[in-house]
Amino acid sequence: MRPSIERIEGEQPIWRLLNESIELYVTANPHGLSMVTMRDIAANNTWLGSEGHPLLYLSLNQPERIVLDSWQMRDWHVTQDGEAVQLDVELMAEVAGSRLALVESLWLAPGLPVMRHWVTLRNESTQSVRVEGYHLLDLVLNHDVIQDPLHLFYVDVFAGHRRDRWEPGDLNFDTHEQLFEAGGAVRLAMGAYQQQCSWLAIRRTDRAGIVVGLEYDGAAEMRVFDAGRVAGGQHWCANGVIGQGVRLAAMPADPLNVEVPPGERWQSPAVFWAMFASDSTDDWDSATHVTHEFVERYLAPAWPDEQFPYVVFNSWGYGFNLTRDALLRCLDVAAEIGVEMFDADYGWQRALGDWVPVDKHMPMLGDLSRMVHERGMKFGVWMAFANADPGVPLLDEHPDWVAYPDDWGSFRSRALCLANPETRDWVTEQAIRLVGEYKIDYLKHDFELITPCTSPNHNHPPDPSGYHSAMGYQEVLRRLRQAHPHLLIENCQGGGRAMTFDMVKWHDASISSDGPVLSHAFSRRKALYGMSYVFPLRYCANYMEERPTDYACQSSMIGGPWILMDRASEWTAEDIASARRNVALYKQIRPLFRGGRVYHLRAPAEASCDALQVQHLGGQGVLLLFHPHSTQATPGWQLHVVLKGLDVAHSYRLHSSLGGESWRVGGALLMKEGLKRALKPGQSEVILLEQITG
């Protein structure tokens, strides 16, 4: 069924947006578009909007604040966007001598209960206007939490909200479920260097839910509050008074300060929301499934090839103690065990901001590229392209290029301001030159990239929320991809501190953790468990700084790329054999990550076992089971896990990585009574599932 948009006849303009999964009614009023109802067609669940409350909130300056009391509808039209459809409603306002046109857009694709929303402001006056505030999301649900409390679910980013390094006790990508009752108010900090991933799921007691994602990299906040019972909730940043209901509002954390000159236009960042319905065994996986499918179909770059996500060897396990001889030995070991990409990490360069190769820790970059490619592997390189060490020629010549305040910078470097056009051009030229000159297949960028900057010497407006920095960062990546269209790019921004739905548009993969956690299988697995609720598995790159035991390796097989970062020159013959065996197993299961549904069966916990399943609707799947070292062995004990996503009308052939055992079980039995396996502390098991036809 192709999605459709139709105007409903009547005095008030109402539109119906429809595909096979979702039906949405919106209306236009003097404050913009408002949601009337939203229905999940398959589950027959409906959410009601708050009558008259607009999806739009916008504040402008000129140079004094402009109060936009009302807009008039000028026109509307429907456009085809590939297989999707888009409703554009054009509004007009004349205020304080300014004539402004605004196009409010709603986007609907086939087969998914997902809507996207953004606006485009066009300045038709003779003087500039400045966009100060904008709500990426402003949705009021006509829902009484006294009668029906809601449940909220969200996920932290790496190392909480701090800008410094990982510390013991941090719970990377920790999950949170919260009961939202009468008078409730929740504030979540999202975007670069904030505390939560840019994603939130809410659910009623009948298990009908809405999931929201922000396509914005700058610092933002999302507020959820009981509008009629929270002080100020009916008036806060709103066009008119809000009645009863639950309000979901998301906005940049500080003023945007976007100048729109006469005749120019500004397009806002987008937001998406989707409907989901879960059963009593599902918890939040239905919100995960609709998010993952939307990201892979409409936001993420195309998968590069059938082998992705790759098995990678990365040199940073040696830190600054890497030698040429050790690296050459690592090259041989990597080729022997089946590694597909060799990644030269920090240390190949003369200094940050002085991107000239040296041979202090490894062969010169050109020689290393040739050696890697001769062994049949792809060549990856680390680069902190928006940082510079004190004393490098760049900062001697351009000390004003540093982001201000200048207290940003890993490894005592200084963060450069990508909002500044001159800085951005230089950074882009260096990245493009490096990739081309050294035949780089995969670029991993690190350190600080989206930095608030209020320097009066830069050619950009004050940028307290990082909006202009985020736009500059995207411009670097856009030009880099344009110059090298086959280049793969990994987001490694501070270990996982920009976990947004703009990030996925520009990257093929993303790091999931950093620091000491990489040497602890349980901690890595726990981070991957939480992160995979929000992002598809290819955005869960797993760095492993451990010797390659079955338990350590299989703890790193959830997602990818899988990046080996131990000192391979010191591995024994037994270590190499274990790595080779597990690399082959990873290559067997990774095709399931493309389009497979993730089921979070048992969360990692120090005192109990954990389990995760990836399942294709076509019948193939994989089950990963873990018994942490910290648990006590009990004679006769067995791990019990109930599987999900199977076809109850078919049987499945199960094959275990422990001893090669194979057996047959009915899908109905696995979904009802589950599976029991005897695992010892510190033991793991990977079970392949294949649907049996006939």
Side-chain angles (χ1 to χ4, degrees), residues 304-305 307-324 326-349 352 355 357-359 361-385 431 434-435 437-447 480 484 486-493 495-496 507-515 518-519 524 538-546 548 553 556 559-569 571 579 583 586 590:
D305 54 51
Q307 285 71 47
F308 191 78
Y310 305 131
V311 180
V312 181
F313 181 84
N314 180 280
S315 65
W316 183 244
Y318 292 85
F320 297 111
N321 299 317
L322 181 64
T323 65
R324 178 187 176 94
L327 186 135
L328 293 177
R329 173 59 182 156
C330 289
L331 270 175
D332 292 336
V333 171
E336 181 180 353
I337 65 175
V339 164
E340 296 156 311
M341 191 182 81
F342 197 93
D343 192 8
D345 210 291
Y346 191 118
W348 63 264
Q349 77 286 350
L352 300 184
W355 301 111
V358 295
D359 60 359
H361 300 291
M362 60 185 76
M364 295 290 283
L365 211 56
D367 294 333
L368 182 56
S369 175
R370 175 182 51 79
M371 287 185 243
V372 169
H373 287 132
E374 285 176 350
R375 287 167 171 79
M377 293 183 283
K378 297 180 184 296
F379 185 45
V381 168
W382 174 96
M383 190 182 188
F385 55 61
L434 193 77
V435 171
E437 188 171 344
Y438 299 107
K439 297 179 174 58
I440 294 169
D441 304 298
Y442 189 103
L443 186 71
K444 178 179 72 172
H445 64 66
D446 199 356
F447 291 2
L480 180 57
H484 300 289
H486 300 296
L487 177 71
L488 303 186
I489 304 176
E490 178 187 328
N491 168 48
C492 191
Q493 189 166 167
H507 299 88
D508 301 278
S510 179
I511 192 172
S512 60
S513 281
D514 203 352
L518 305 183
S519 61
R524 292 196 312 276
R538 64 148 144 170
Y539 292 99
C540 300
N542 200 325
Y543 284 75
M544 175 182 136
E545 198 173 354
E546 277 188 282
C553 290
S556 302
W562 175 23
I563 301 155
L564 299 160
M565 204 167 68
D566 193 47
R567 300 189 174 201
S569 64
W571 286 359
V583 164
Y586 177 77
R590 69 181 174 189

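Below, each value reflects all heavy atoms present in this structure, side chains not excepted, and no hydrogens, waters or symmetry copies.
- No side-chain N or O of Ser512 forms a donor-acceptor pair with one of Arg524 less than 3.5 Å apart.
- Taking CG from Leu488 and CG from Asp441, the interatomic distance works out to 7.5 Å, rounded to the nearest 0.5 Å.
- Distance alone, capped at 3.5 Å, places no donor-acceptor pair between the Arg370 side chain and the Gly366 backbone.
- Taking Glu437 as the reference, Arg433 meet the side-chain contact (heavy atoms from CB on, under 4.5 Å) condition, with sequence neighbours excluded.
- In this view, Ala431 and Met383, Leu480 satisfy the side-chain contact (heavy atoms from CB on, under 4.5 Å) rule, not counting sequence neighbours.
- The existence of a salt bridge linking Glu340 and Arg590 is confirmed by a sub-4.0 Å separation between a basic side-chain nitrogen and an acidic carboxylate oxygen.
- Distance CE/Met364 to CG/Leu368: 11.0 Å, rounded to 0.5 Å.
- In this model, no donor atom of one side chain and acceptor atom of the other lie less than 3.5 Å apart for Asn321 and His361.
- His445 pairs by the ring pair (Phe, Tyr, Trp, His ring centres under 6.0 Å) definition with Phe385, Tyr473, His507, not counting sequence neighbours.
- For Ala509, the side-chain contact (heavy atoms from CB on, under 4.5 Å) test picks out Phe308, Tyr442, Glu490, Pro561, with sequence neighbours left out.
- Minimum heavy-atom separation, Ile440 to Leu487: O-CD1, 3.7 Å.
- Using cut-offs of 30° and 60° on the angle between ring planes, the pair His373 and Phe379 is perpendicular.
- Residues that satisfy the side-chain contact (heavy atoms from CB on, under 4.5 Å) test with Arg329, not counting sequence neighbours, are Asp332, Val333, Ser569, Ile576.
- Judged purely by atom type and a 3.5 angstrom limit, Trp348 uses its side chain to pair as donor or acceptor with the backbone of Trp382.
- To the nearest 0.5 angstrom, Trp562 atom CH2 is 14.5 Å from Met341 atom CE.
- For Phe342, the ring pair (Phe, Tyr, Trp, His ring centres under 6.0 Å) criterion is met by Phe313, not counting sequence neighbours.
- In this structure, Gln349 contributes its side chain and Gly347 its backbone to a donor-acceptor pair below 3.5 Å.
- Counted by atom type alone, Asp566 and Tyr318 present zero donor-acceptor pairs between their side chains at under 3.5 Å.
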